[in-house]
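This one's a predicted model, so the numbers in the text were calculated from it and none came from an experiment. Atoms within each ligand, like the ligands themselves, are counted from 1 in listed order.
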Amino acid sequence: MDNNDPKVTRKIRKLTMRIDRNLCIGAATCIAIAPKAWALDDEAKAIILDTADQESDEALLEAAKGCPVMAIFLYDETGKQIYPA
Ligand code: SF4
């Protein structure tokens, strides 16, 4: 799955979120916080769901912050990395 795959990198409103699947350990914290944005695939690594836009920006940020291995990256509309800051 490459970085352009919408399961890996997706624009939600003004936020772009990206998952580094090499870092993901399948802890599922992101899913507990924002269940419409994330799921585990059959490799037990997180993917971005088509319903991710149903989660608020705040929930997406909290999910990124909750990831124990900081595998979720968020960028603003200019491409600036918001998290991890
Ligand atoms: S919280 Fe982090 S490690 Fe856990 S499933 Fe989500 S992205 Fe992967």
Give the cluster check for Leu60 versus Ile47: same hydrophobic cluster or not, with ILVMFWY residues linked at side-chain heavy-atom distances below 4.5 Å. yes
State the atoms of ligand 1, each with its element, that fall below the 4.0 Å cut-off from a heavy-atom position in Gly26. 3 (S), 4 (Fe), 5 (S), 8 (Fe)
Any chain of hydrophobic side-chain contacts (each under 4.5 Å) joining Met1 to Leu23? no
Closest to atom 2 (Fe) of ligand 1 among protein heavy atoms sits Cys67 SG, 2.2 Å
Flag yes if Tyr83 and Trp38 sit in one hydrophobic cluster, no otherwise; membership is Ile, Leu, Val, Met, Phe, Trp, Tyr, and two members link when side-chain heavy atoms are under 4.5 Å apart. yes
Might you work through the salt bridge (Lys or Arg N to Asp or Glu O under 4.0 Å) test for Arg21 and Asp41, ending with a clear yes or no? CA-CA 11 Å; Arg21 287 171 50 89; Asp41 69 1; 2.8 Å; yes
So among Thr16, Asp50, Asp5, which one has a side-chain hydrogen bond (donor to acceptor under 3.5 Å, both in side chains) with Arg10? Asp50
Taking a cutoff of less than 4.0 Å between a non-hydrogen atom of the residue and any ligand atom, is Leu40 in contact with ligand 1? yes
Nearest protein heavy atom to atom 5 (S) of ligand 1, by residue and atom, and its distance? Ala28 N, 3.2 Å
Got the closest protein heavy atom to atom 1 (S) of ligand 1, with its distance? Cys30 N, 3.3 Å
Is the shortest heavy-atom distance from the side chain of Arg18 to the side chain of Tyr75 under 4.5 Å? yes
In terms of atom number and element, which parts of ligand 1 are under 4.0 angstrom from non-hydrogen atoms of Ile25? 3 (S)
Considering only heavy atoms of Val69, which atoms of ligand 1 have at least one such atom less than 4.0 Å away? 3 (S)
Can you sort out which atoms of ligand 1 are near Ala27, meaning under 4.0 Å from one of its heavy atoms? 3 (S), 4 (Fe), 5 (S)
In this structure, would Ile31 and Val69 fall into the same cluster of hydrophobic residues linked by side-chain contacts under 4.5 Å? no
Give the numbers and elements of all ligand 1 atoms closer than 4.0 Å to a heavy atom of Ile19. 7 (S)
Within the stated cut-off of 2.8 Å, is an N/O/S atom of Cys24 closer than that to atom 6 (Fe) of ligand 1? no
